[in-house]
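First up is the structure itself, then whatever we jot down about it.
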Amino acid sequence: MPERLHLYTIPPHRAFADALAIGLIRRFGGDPMRLARGLVLVPNNRAKRSIQEAFVRASGGGLLLPRLVAVGDPELDETLGAVFDPAGDGDPVPPAVAPLQRRMILARLIGEAGAQADAAEAVRLAGELGRTLDQLLVEEVPPRKLRELELSKELSAHWERSLALFELVLSRWPGELERLGRIDLAERRRRLLDKVAAHWRHNPPQGFVCAAGITTSAPAVARLLRVVAELPQGMVVLPGLATGISDAEWDLLGPHAPDPVTGRRRRSIETHPQYHLKLLLDRMGVHRSEFDPWRATSEHDAPPARSKAIASAMAPPELTHGWTALPAAERRLDKVRALDVATPAEEAQAIALALREALETPGRTAALVTPDRALARRVAAHCARWGLAIDDTAGQPLSMLPPGTLLLALADAGAQGFAPLPLLALLKHPLVMPDTRPEWLEGARALDRALRGPRPAAGLAGIDRHLAEQEGREGPIRRAAQRWWGEARVLLAPLETVFGGGARPIPELLAALRETAQALGGDALWSRADGRAAADLLDTLEREAEHGPPCAEPAALVPMLRTLMDEAAVRPPQGGHPRLAILGLLEARLQTADLMILGGLNEGVWPGLPAPDPWLAPRIRAELGLPGLERRIGLAAHDLAGALGAPEVLLTRARRDASAPTIASRFWLRLEALSGGLERAGELEAWLRAVDEAGKPKPSDRPEPCPPVAQRPKAISVTEVDRLKADPYAFYARRMLRLMALDPVDADPSAAWRGTAVHAVLQKWFELDDCAPEKLRARAEAMLADERTHPMMRALWQPRLMEAIDWIASEIAADPARKVLAVEKRGVIDFAGVELSGTFDRIDRLSDGSLAIVDYKTGKPPSLAAVREGFSLQLGLLGLIAERGGFDGIEGRANGFEYWSLSRNRSGGFGYVESPCDPKRRDHLPADDFVDRAVDEFGKAASRWLTGEEPFTAKLHPDYAPYAEYDQLMRRDEWYGRE
């Protein structure tokens, strides 16, 4: 045991990496080889890179660096085996089980233990189980301690079931490891750390050993740091250890000894930023008074008063009442500014402006630190407007990158039977067919047009049938879609063969997914960092899936892949801007910049919400000595305290997110309360308002296009007349500009679609069954039973439809003197200088020899008021075409005009007849005058807009123009009501 341990701390206001490098060069830089023989232990690879850069800055020239070793490297045994596993030093440590192999085995054990979960849920639960198991291993809690707990009476039934399942899986896990001849990665890392600690205790290294910035409180790490501190040339340097706070405050943090009477422990303040450091010191067996300040400064340091203010701001709640009595020096937060804006979009814009402004000063550096990856992506996108490429060193989940989204889209399309939405999302993916991209997109867009409307039958055959049956509609587009679909279908057929057969072994599903992805994306799919990450994940999962659940439904593959891809962060290669950075909380540790921007300071973001443990109740975790769920809040607080030590700091938050108002972070509120109000970044707010200021808007006038008479349409259908009169601009946009609203893809059955379906049933009934009443119901039932019929229509509309269909059959049978002449026939006549066309639903011959025009309605018929105003006169115009011989084989005078509605009638049933010429209705129009009234109204409209020079004014009669397809085109909200 040495007389004195070599323990040091660097306060928050100093740049940790620069101070460390300067101090080591001062101590050992006199002999370049002495510095090169040294070893520096750091927490992670990001800290390793930061310290390397600090050495370069401090050296001012060439320098042989000490060896830098990242203790947290998951590949510790391979990349750093010579340091942690010296040759010939005892028995070798067994290899670790591969992480994905372990996860698949645990997923299988969860299923075999009786958990009601599919393969995807089992894999997700296995990930949570693995994290809990790792915590037991890191904290060195033996499994038998779990069995010794007597808490069954204090747990709910849910936690009892979870605990029983956890114990069952845990009892089988050692046998699985023994069968594989491997151990857990956390256990292997612990053994390696203990092994090197034992080796160094008896054989100290020749060079110096410096453990820098390692704050993990794991027992194995604490033992190693204790050995390093005892070495003749050993040093332990911790970041931001609070040596200036009182002993009472330090002891208040915990952990506390059990009560001698009750045996209960007083709850520790795990949300405090110093708690994990106190726990580390307790496990090292040292006191904070043994730490000396690290004697080195750099040009990147903040004023010393900043450290005192940070310590005061992070005091436990019991001691914050003393803030008002603190001297000004311990409350001062000079050069720490705050900016709170309305939305996350404004926050990202403001941060981008601050980063851009930092570049105006030569050599000045700036970094955004945030746990909010969506905010980080927005900031990077805003910076791109100035040509600034900034890498988010925290990376992005593979599930959000193009190769990941392609694999997910492919699995989703196969699982949903190639339904239109997932199919089109797959076919239009930017990585599909890169070599023939333009031609491929043309075909995909044609298929998009062809699949508009209700969903076709499932499977590739359903798409084939849909395209074949719709050949006559939008013919050129559908023919192009059909030709192209023949080529695309070949690529998807192997996937349907596997995915369409129910539950399959996971390797078989993955192999089909991989082969189809290769056929669609080619080798380019697996290029670049994100493509290689996707290939590695798919390859590893395909190999290790044999250890997991025996089978999986294709629908379970999508959530399974998404779960695994969400956890796979793809970090960009080096090459971003040298003076700007975007960092996550883990990557920001030990980092510094001239300007540190701390973004997303809202509750639930920084600090984030504690992640629940689905396996162990909080009480069980406390009894086992595992970290509480609130420990992450303390780590987030320590990360904030470290970042606050930069020379200049900007704190940002948004007052609301995408769904609701937000609550300011507890850290934000503490800093505001301590300082009496942080300085506001007023110039940024002004820039934020000015950068996208478009000036005073000038509202658009009401559109009134007036094309030459020669260019106006000279043909119109009876259904377009109301649109022409009520909203001439909409008629202009549709007929002259040829702009027509597209049906949604995979649309719900609209009223128009239901009407079309009913018309088709009635047409077949007339043409094939000669209106036999007993055959109409069978026709309707066949339509509803068709696999292409939307399930919502089948479930919700079938009862009322069948009752209405029966009503139609009975209504026709009740009047044998009335004969159905024809259904669904189109006619054309020349009238008022234009070609007038129309298609009737049905025309009957009445007993007096006159004609009755019948229009089926699935909803309410037009109101009599609309008819009297000159609208809804389609029946009269169809009567005009019939009287003038426009319908082949039909002659006579039109004297009946009826709407047969299938909606609810006054007696509570479905189906009724309504006519604007019904003498029983007040203010009715006489049947003998109905055609003449329609002729008069149509003649006026045609002479004004089709053969005349009247402008096509928008929303001329808005009460009769309820449709809104062209409201955005006419910029309706800018002028409507102003005139």
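Starting from 1, each residue takes its place in the sequence as its number.
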Can you check whether [X] reaches [Y] side chain to side chain, under 4.5 Å on heavy atoms?
X	Y	answer
Y966	L739	yes
P344	L375	no
W526	Q518	yes
P403	L431	yes
R723	Y963	yes
L737	R734	no
E542	L513	no
T839	E824	yes

Is there a donor-acceptor contact under 3.5 Å from the side chain of [X] to the main chain of [Y]?
X	Y	answer
H429	P402	yes
R712	P707	yes
S399	T405	no
D967	R972	no
H547	L100	no
K428	L441	no
R826	G838	no
S901	G859	yes
E496	G414	no

Exercise. Could you tell me whether the side chains of D392 and Q396 share a donor-acceptor contact shorter than 3.5 Å?
Key: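 Judged by distance alone, the side chains do not pair up.
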Quiz item: Does a side chain donor of either W485 or D464 reach within less than 3.5 Å of an acceptor in the other side chain?
Solution: yes
Electrostatic pair [X]:[Y] at N-O distance under 4.0 angstrom:
X	Y	result
D855	K857	yes
D539	R543	yes
E176	R108	yes

Minimum heavy-atom separation for [X] to [Y], with atom names?
X	Y	answer
A741	E965	CB-CG, 3.9 Å
L561	A411	CD1-CB, 4.4 Å
R378	A348	CB-CB, 3.5 Å
P554	G502	CD-O, 3.4 Å
L423	L451	CD2-CD1, 4.4 Å
A517	L410	N-CD2, 3.5 Å

Practice problem: Any chance you could lay out the side-chain contact (heavy atoms from CB on, under 4.5 Å) test for E720 and R735, step after step, and finish with the verdict? | Solution: CA-CA 10 Å; E720 293 178 306; R735 289 297 305 276; 3.0 Å; yes
Exercise. Evaluate side-chain contact (heavy atoms from CB on, under 4.5 Å) for L492 paired with L520, printing each intermediate quantity in order.
Key: CA-CA 9 Å; L492 301 175; L520 290 173; 4.2 Å; yes
Can you tell me how far apart [atom1] ([X]) and [atom2] ([Y]) are? Round to the nearest 0.5 Å.
X	Y	atom1	atom2	value
E544	I506	CD	CD1	12.0 Å
L491	M433	CG	CE	4.5 Å
L427	D448	CG	CG	10.0 Å
L541	L509	CG	CG	10.5 Å
E567	R124	CD	CZ	10.0 Å
S837	I881	OG	CD1	6.5 Å

Tell me, yes or no, whether the heavy-atom count around [X] atom [atom1], taken from other residues, nucleotides or ligands under 6.0 Å, exceeds 12.
X	atom1	value
R562	CZ	no
R571	CZ	yes
K714	NZ	yes

Exercise. Validate the cation-pi geometry between R842 and W900: distance from NZ or CZ to the six-membered ring centre under 6.0 Å, angle to the ring axis within 45°.
Key: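 Yes.
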Exercise. Before giving the answer on side-chain contact (heavy atoms from CB on, under 4.5 Å), spell out for L557 and F499 the whole-Å C-alpha distance, their side-chain angles and the decisive distance to 0.1 Å.
Key: CA-CA 10 Å; L557 191 63; F499 275 57; 3.6 Å; yes
Quiz prompt | side-chain contact (heavy atoms from CB on, under 4.5 Å) between F731 and F952, intermediate numbers included | solution = CA-CA 8 Å; F731 178 86; F952 292 93; 3.9 Å; yes
